[in-house]
*Asks:* 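A single structure is presented below for examination.
Quick note on labels: first sequence line is chain A, next is B, and so on, each numbered from 1.
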Amino acid sequence: MTNAMDIVIKNGSTNGSVDGNDESRTNLIVNYLPQTMTQEEMRSLFSSIGELESCKLVRDKISVLPASLQALNPALQQGQSLGYGFVNYVRPEDAEKAVNTLNGLRLQNKVIKVSYARPSSESIKGANLYVSGLPKNLSQPDLEALFAPYGKIITSRILCDNISDIEVIKKLLLNGIGLSKGVGFIRFDQRNEAERAIQELNGKTPKGYTEPITVKFANNPSNSAKAQIPPPLAAYLTPQAAAATRRLTAGALPSAGRISIGKSPLFAINKGLQRYSPLAGDLLANSILPGNAITGSGWCIFVYNLAPETEENVLWQLFGPFGAVQSVKVIRDLQTSKCKGFGFVTMTNYDEAVVAIQSLNGYTLGNRVLQVSFKTNKTKTA
DNA sequence: CGACGGGACGC
DNA sequence: CGACGGGACGC
């Protein structure tokens, strides 16, 4: 297994790569891309630095869509973005410049990471560890320090509780309870480094710790066998929507961690969803699909029972905490300029729109109970 | 107890 | 208590 063949670096014209091109100084890996970013958008961004040899956004190819629906739109045939990709420049100096200027760039709600891709190799796969039983006050540097003796750490992370409502924040502020769930991830450069860390740390109580920790290989994200969507519903869903639904079904709340304290109102997740929307379609009504999905222009949300004095900023404040908001619109009477009682909000990401609807439908704003749902196709003329 | 805009292929 | 992440090697 130990093979030095793939790490040969020479000054001359030859090297260890298969195709004879040394990519070690031109090929970049880009991580933490926004979910909605396409390969062409990625190409556009990185082309601004210099000429590209290639650009590849990695997508999952697992399809939840029947072939008949995919045939409607070629874009649906591709799986959802896995949030990372590769950019290979023609010139090493451009690659270097891309790392220096684009690493850390904020795109939508993400901060992208741009770094040199490691040479593709079997030895670097499956080097991600799942660690539990960590002290709640352990910092990320602490975690890395614990694992550093066993190899080169590529990434690390400590998971935190979802902050989905105001109660959690209150607890945090009043009691100073830590966010950490006591679990984290460590990705090593090499799998054998990860294996050694397991041998040395799993079940052990590190110095200064009071409890033993668990260290094992992290689950492979590709085979997360969570609740599946019933076929009739899946037939209407985009891959993104299906994935979001899977997460919701599994009880996980997407978009956690983005919360704006002090920008009230914040909201408890609404329990009794349906009764506030007697006339609205379901959350996943077929009337909203697949038109929105195909045009890719965002998810339009209908907001009803707004007060006559309502201004646009109210809608921004209501929906902003849930994710990327593209536009808001308060519908007004042309004569009086007073709000006619409803408005529209377009959000970029389906899963964020779902959470916003779930959270805001039934929410009492002033003395009015809002009704929030995906926009339907109703027209005034009816 | 009433319910789904308006503008428009754009640098 | 356990906890598996919006995404790190070309899905």
*Asks:* Taking only the side-chain heavy atoms of F185(A) (C-beta and beyond), determine which of dC9(C), dC4(C), dG10(C) contains the nearest atom.
*Replies:*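 Output: dC4(C).
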
*Asks:* For residues D333(A) and K340(A), report the shortest heavy-atom separation together with the two atoms involved.
*Replies:*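 Of all heavy-atom pairs spanning D333(A) and K340(A), the closest is N-CG, 3.5 Å.
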
*Asks:* Determine whether more than 12 heavy atoms belonging to other residues, nucleotides or ligands lie under 6.0 Å from atom NZ of K204(A).
*Replies:*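 Yes, NZ of K204(A) has more than 12 neighbouring heavy atoms, counting only those of other groups under 6.0 Å.
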
*Asks:* Between F86(A) and Y84(A), how do the two ring planes meet: parallel, tilted or perpendicular, split at 30° and 60°?
*Replies:*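 If you compare the ring of F86(A) with that of Y84(A), the planes turn out perpendicular.
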
*Asks:* Look at the side chain of Y130(A) and decide which nucleotide, out of dG2(B), dC4(B), dA3(C), has an atom nearest to it.
*Replies:*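 Nearest to the side-chain atoms of Y130(A), counting from C-beta on, is dA3(C).
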
*Asks:* Distance check: side-chain N/O of K340(A) vs OP1/OP2 of dG2(B), anything under 4.0 Å?
*Replies:*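 The answer is no; no side-chain N or O of K340(A) sits under 4.0 Å from OP1 or OP2.
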
*Asks:* F342(A) CZ to dG6(B) C1': how many Å, rounded?
*Replies:*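 Going from CZ in F342(A) over to C1' in dG6(B) covers 11 Å.
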
*Asks:* Below 4.0 angstrom from OP1 or OP2 of dC4(C), is there any side-chain N or O of R157(A)?
*Replies:*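 No.
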
*Asks:* Using side chain to side chain donor-acceptor pair (under 3.5 Å) as the criterion, list what pairs up with Q199(A), not counting sequence neighbours.
*Replies:*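 So Q199(A) forms no side chain to side chain donor-acceptor pair (under 3.5 Å) with any residue.
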
*Asks:* What is the separation between atom CD1 on I29(A) and atom P on dG7(C), rounded to the nearest whole Å?
*Replies:*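 To the nearest whole Å, that distance equals 13 Å.
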
*Asks:* Expressed in angstrom and rounded to an integer, what is the separation of L52(A) atom CG from dG10(C) atom C1'?
*Replies:*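 Distance, rounded to whole Å: 16 Å.
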
*Asks:* If I take atom NZ in residue K329(A) and atom P in nucleotide dA8(B), what distance separates them, rounded to the nearest angstrom?
*Replies:*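 After rounding, the reported distance stands at 11 Å.
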
*Asks:* Quickly work out the L159(A) CG to dA3(C) P distance and round it to whole Å.
*Replies:*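 The distance from CG of L159(A) to P of dA3(C) comes to 12 Å, rounded to the nearest Å.
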
*Asks:* Please report the distance, rounded to the nearest Å, between CG in L143(A) and C1' in dA3(C).
*Replies:*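 In whole Å, dA3(C) C1' lies 15 Å from L143(A) CG.
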
*Asks:* Among dC4(B), dG7(C), dG2(B), which nucleotide sits nearest the side chain of Y32(A)?
*Replies:*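 Looking only at heavy atoms from C-beta outward on Y32(A), the closest nucleotide is dG7(C).
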
*Asks:* How should the glycosidic conformation of dG10(C) be described, syn or anti, under the criterion that syn lies within 90° of 0?
*Replies:*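 Anti conformation here, the glycosidic angle of dG10(C) being more than 90° from 0.
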
*Asks:* Looking across every strand, which nucleic acid part, if any, lies under 4.0 Å from N27(A) by heavy atom: base, sugar-phosphate, or nothing?
*Replies:*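 Base: the residue N27(A), judged by heavy atoms under 4.0 Å, touches a nucleobase.
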
*Asks:* As a test of the definition: with a 90° window around 0 for syn, would you call dC9(C) syn or anti?
*Replies:*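 Syn conformation here, the glycosidic angle of dC9(C) being no more than 90° from 0.
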
*Asks:* By the 4.0 Å heavy-atom rule, please label F344(A) as base, sugar-phosphate, or nothing.
*Replies:*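 Here F344(A) touches the bases of the nucleic acid.
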
*Asks:* Kindly say whether, by distance alone, the side chain of R118(A) makes a donor-acceptor pair under 3.5 Å with the base of dC9(C)?
*Replies:*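 For R118(A), whose side chain was compared with the base of dC9(C), there is a donor-acceptor pair (under 3.5 Å).
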
*Asks:* Side chain of V58(A): nearest nucleotide among dC11(C), dC9(C), dA3(C)?
*Replies:*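 The nucleotide sitting nearest to the side chain is dC11(C).
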
*Asks:* Can you list the residues that meet the side chain to side chain donor-acceptor pair (under 3.5 Å) rule with Q140(A), with sequence neighbours excluded?
*Replies:*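 Partners of Q140(A) by the side chain to side chain donor-acceptor pair (under 3.5 Å) criterion, ordered by chain and then number, come out as S156(A).
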
*Asks:* Classify the glycosidic conformation of dG2(C) as syn or anti, calling it syn when the angle lies within 90° of 0.
*Replies:*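 Anti, since the glycosidic angle lies more than 90° from 0.
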
*Asks:* On DNA chain C, check which nucleotide each of L82(A) and K216(A) is closest to and give me the residue with the more 5' one.
*Replies:*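 The answer here is K216(A).
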
*Asks:* What is the distance from CZ of F188(A) to P of dC9(C), rounded to the nearest Å?
*Replies:*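 Distance, rounded to whole Å: 15 Å.
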
*Asks:* Let's see if you can work this out: which of dG10(C), dG7(C), dC4(C) has an atom nearest to the side-chain heavy atoms of K125(A)?
*Replies:*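 It is dG10(C).
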
*Asks:* Ring centres within less than 5.5 Å and planes less than 30° apart: is that true of F86(A) and dG10(C) in this structure?
*Replies:*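 It does: the ring sits over the base of dG10(C).
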
*Asks:* Just label dC11(B) as syn or anti from its O4'-C1'-N9-C4 or O4'-C1'-N1-C2 angle, using within 90° of 0 for syn.
*Replies:*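 Anti, which is what one calls it when the glycosidic angle falls more than 90° from 0.
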
*Asks:* Measure the OG-CD distance between S54(A) and E23(A) for me, rounded to the nearest 0.5 Å.
*Replies:*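 Going from the OG atom of S54(A) to the CD atom of E23(A) covers 7.0 Å.
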
*Asks:* In whole Å, I'd like the distance from the CG atom of L306(A) to the P atom of dG2(B).
*Replies:*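 That distance rounds to 19 Å.
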
